[in-house]
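A quick write-up on the structure given underneath.
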2 protein chains.
Amino acid sequence: MEKKIIGIDLGGTSAKLAILTPEGEIQKKWSVQTNILNDGEHIVPDIIDSIKEQLSLLNLTEESFYGIGMGTPGKVDAENKTVIGAYNLNWSELQEVGKQFAEAFNLPFYIDNDANVAALGEQWKGAGNGEPNVVMFTLGTGVGGGIVLDNKLLHGVGGTAGEVGHIFVDAENGFECTCGNKGCLETVASATGIVNLARHYSNEFAGDSTIKARIDSGDQVTARDIFDAAKDSDTFSEHVVDMFSHYLGIATSHIANILNPSTIVLGGGVSAAGNYLKERVEKYHRQYSFPQVRDVTKIRLATIGNDAGVIGAARLVPVDELGE
Amino acid sequence: MEKKIIGIDLGGTSAKLAILTPEGEIQKKWSVQTNILNDGEHIVPDIIDSIKEQLSLLNLTEESFYGIGMGTPGKVDAENKTVIGAYNLNWSELQEVGKQFAEAFNLPFYIDNDANVAALGEQWKGAGNGEPNVVMFTLGTGVGGGIVLDNKLLHGVGGTAGEVGHIFVDAENGFECTCGNKGCLETVASATGIVNLARHYSNEFAGDSTIKARIDSGDQVTARDIFDAAKDSDTFSEHVVDMFSHYLGIATSHIANILNPSTIVLGGGVSAAGNYLKERVEKYHRQYSFPQVRDVTKIRLATIGNDAGVIGAARLVPVDELGE
């Protein structure tokens with residue numbers, strides 16, 4: 001039987017797990033709740049127990065696998081296989097995740113940051129179609145990202161390559177970022193960012209708008225509300241989406257001008273706005289891209305959604321090097 | 001005797017040539033005038049003749065060399081070893097440079113764009129100190145650049161990776177760029193760019209300034225004049241240099257946030273302004289860099305100047321793969 005890979009996508013509420021073929025096809029998928037009590041000390045043992053249980057149920061042994069790959073929140077040291085500063089897991093101290101897996105399984109183990117792993121998943125089996133040079137923007141509460149060059153994740157010297165959410169794009173509004181800077185992409189082109197823009201522009205806008213009315217009366221609005229209103233031709237929301245797309249298109253043009261990848265993938269919760277968003281980002285992306293890259297570096301929407309994590313995690317396992 | 005490498009740095013007025021050790025030490029340097037007549041058809045034959053003559057003078061044969069590396073203006077296809085669109089050489093049509101060298105020498109031949117090659121030289125033997133991840137900005141009439149990741153030049157899918165001169169940084173002035181866009185880094189942070197800024201701000205500035213006075217009376221001013229005046233505390237010129245540094249610092253922060261290299265090298269003619277320029281760029285670079293990269297990705301001035309071209313060209317020759 002052909003050997004398989006185990007992919008793990010660890011998140012704040014659950015860990016998604018999967019058994020995949022070396023070609024990236026998911027054969028079995030399940031999940032484990034993330035228990036962040038006691039400084040998140042149960043998280044890794046729970047995942048390990050669940051894998052052992054699953055293998056036993058499926059009558060599989062370690063010999064059936066090339067290895068295990070995992071994506072996790074926080075700052076990852078891929079070489080030493082440790083994680084630190086994953087606050088949604090209560091992992092503020094260094095976690096020896098690699099050591100825990102080495103004690104539990106006699107299998108090679110690989111780990112990387114969740115945004116990187118999602119980028120690798122989309123590059124391999126999603127919108128990237130396996131093209132070797134692909135960059136992903138994950139538009140969620142914040143903005144994350146990952147850079148795949150020559151089929152490999154780029155880490156940079158301090159391990160922070162791909163932090164596209166902190167590209168400075170907004171000199172006008174100067175919203176404060178969680179990182180301490182002002183005007184980062186994340187402050188204007190995330191779920192939080194679009195609400196920042198809406199609140200800001202609602203002061204200046206004089207016409208009719210359901211969204212402005214809700215903001216003015218102190219109601220909460222979400223990114224989704226704003227995109228839905230914009231699609232329904234709410235002029236105010238259209239302007240907000242236009243500004244969001246403008247800033248994001250500036251950032252994607254930077255990627256195109258600097259790295260010239262074949263594809264820039266827009267993923268994460270906000271990318272559910274779909275082609276409506278993509279077309280608007282593309283307009284500015286093309287405007288600010290150098291003519292020679294304008295038709296080379298393309299914008300695409302993520303296609304494998306929630307599976308990008310386990311698929312990218314599986315891709316961390318270097319099957320070719322591990323051999324049969 | 002240890003084998004050597006031939007490095008060629010082709011420019012619009014002359015080609016610099018050198019014989020180097022595999023460690024990048026220059027042992028012999030000479031040059032050939034660039035004759036751009038007849039669509040630049042003499043350029044490559046003149047270089048080949050000069051190499052043959054030099055080898056004969058030094059009593060060396062092809063067997064003494066690993067290979068030949070060359071940097072050239074224009075759009076280079078490194079794989080097919082062709083050049084197109086090098087207008088300062090009158091090479092508007094495709095040039096089969098690799099084929100010409102293959103007919104002349106029984107030696108491996110490698111070619112890349114001159115900005116890339118200069119980046120490789122600085123990364124290897126200059127300000128990059130051989131660190132594997134280094135990005136260079138070449139500040140001349142325009143702004144060029146090169147990206148070295150993992151000791152290798154990044155080309156991107158269309159061969160335009162590292163075109164940092166076309167990063168959009170200036171939404172305020174909107175000076176037109178040679179590429180057709182507006183607000184490119186090159187329009188504000190090159191020798192031409194600083195003059196753009198000076199002319200633009202001279203309309204608004206009311207105080208005394210030798211530079212403003214010269215602009216007002218229609219005299220030509222150069223980048224060097226402006227930097228010299230700024231160093232002499234000409235308030236107007238200080239402001240112009242500050243804006244120049246601001247835009248350049250935004251662009252270097254993008255590189256830091258996206259790629260997280262160890263070093264960003266400032267080279268090219270304008271970098272002769274030295275530490276005065278570097279300190280000002282650094283200020284903005286740090287301001288716009290994500291806190292975790294701020295102390296990791298450093299700005300340095302180029303150190304090997306005109307030799308970067310032949311040294312980088314020599315580095316194109318993969319000595320380790322070619323063996324003894």
Side-chain angles (χ1 to χ4, degrees), chain A residues 75 85 131-135 145 147 149-150 152 154-172 177-186 246 249-251 253-263 284 286-298, chain B residues 75 85 131-135 145 147 149-150 152 154-172 177-186 246 249-251 253-263 284 286-298:
Chain A
K75 189 167 157 52
E131 297 156 6
N133 299 294
V134 172
V135 176
I147 298 174
L149 295 178
D150 222 358
K152 286 198 188 102
L154 183 77
H155 289 106
V157 169
T160 64
E163 282 286 359
V164 296
H166 301 284
I167 297 174
F168 172 73
V169 292
D170 173 21
E172 297 83 32
C177 185
T178 51
C179 81
N181 283 355
K182 287 179 181 178
C184 294
L185 181 66
E186 181 164 301
H246 178 248
I250 290 177
S253 84
H254 293 339
I255 296 291
N257 290 332
I258 295 168
L259 297 177
N260 187 210
S262 58
T263 302
Y284 293 110
R286 291 181 56 86
Q287 179 179 330
Y288 294 114
S289 291
F290 180 50
Q292 281 169 264
V293 306
R294 196 172 286 157
D295 297 312
V296 176
T297 298
K298 298 201 164 50
Chain B
K75 188 166 157 54
E131 298 156 5
N133 299 294
V134 171
V135 176
I147 299 174
L149 296 177
D150 222 357
K152 285 198 188 103
L154 183 77
H155 290 106
V157 169
T160 63
E163 281 286 359
V164 296
H166 301 285
I167 296 174
F168 172 73
V169 292
D170 173 20
E172 297 82 33
C177 185
T178 51
C179 80
N181 283 355
K182 287 181 181 177
C184 292
L185 181 66
E186 181 163 301
H246 178 249
I250 289 178
S253 83
H254 293 338
I255 296 291
N257 291 332
I258 295 169
L259 296 177
N260 186 209
S262 58
T263 302
Y284 292 108
R286 292 181 55 85
Q287 178 180 331
Y288 294 114
S289 291
F290 180 49
Q292 281 168 263
V293 306
R294 196 173 286 157
D295 297 312
V296 176
T297 298
K298 298 201 163 53

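In what follows, every chain begins at residue 1, and chains take the letters A, B, ... in the order their sequences are listed. Reckoned from all heavy atoms, side chains included, excluding hydrogens, waters and symmetry mates.
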Quiz prompt | Criterion side chain to side chain contact (heavy atoms under 4.5 Å, CB included) on N181(A) and R294(B), from CA distance to verdict | solution = CA-CA 11 Å; N181(A) 283 355; R294(B) 196 173 286 157; 2.8 Å; yes

Practice problem: Keeping the roles fixed (side chain from N260(B), backbone from T160(A)), state whether a donor-acceptor pair exists under 3.5 Å. | Solution: yes

Self-check item: Residue part contacting chain A, namely of L259(B), when any heavy atom lies under 4.5 Å
Solution: both

Practice problem: Can you tell which part of K75(B) gets under 4.5 Å to a heavy atom of chain A, answering side chain, backbone, both or neither? | Solution: side chain

Self-check item: Heavy-atom pair with the smallest gap, counting every atom of P291(B) and C179(A)
Solution: CG-O, 3.0 Å

Quiz item: Tell me, side chain or backbone of E131(B) under 4.5 Å from chain A's heavy atoms, or both, or neither?
Solution: neither

Self-check item: Proximal component of I167(B), with respect to chain A [non-hydrogen, under 4.5 Å]
Solution: both

Quiz item: Side chain, backbone, both or neither: which part of S289(B) has an atom under 4.5 Å from a heavy atom of chain A?
Solution: backbone

Quiz item: Quick one: of V135(B), D150(B), L154(B), who has the most non-hydrogen atom pairs under 4.5 Å with chain A?
Solution: L154(B)

Quiz prompt | Option that, when pairs with chain A are counted at under 4.5 Å, heavy atom only, ranks first among V296(B), I258(B), T297(B), N133(B) | solution = I258(B)

Practice problem: Would you please classify the geometry between the H166(A) ring and the F290(B) ring as parallel, tilted or perpendicular, with 30° and 60° separating the classes? | Solution: parallel

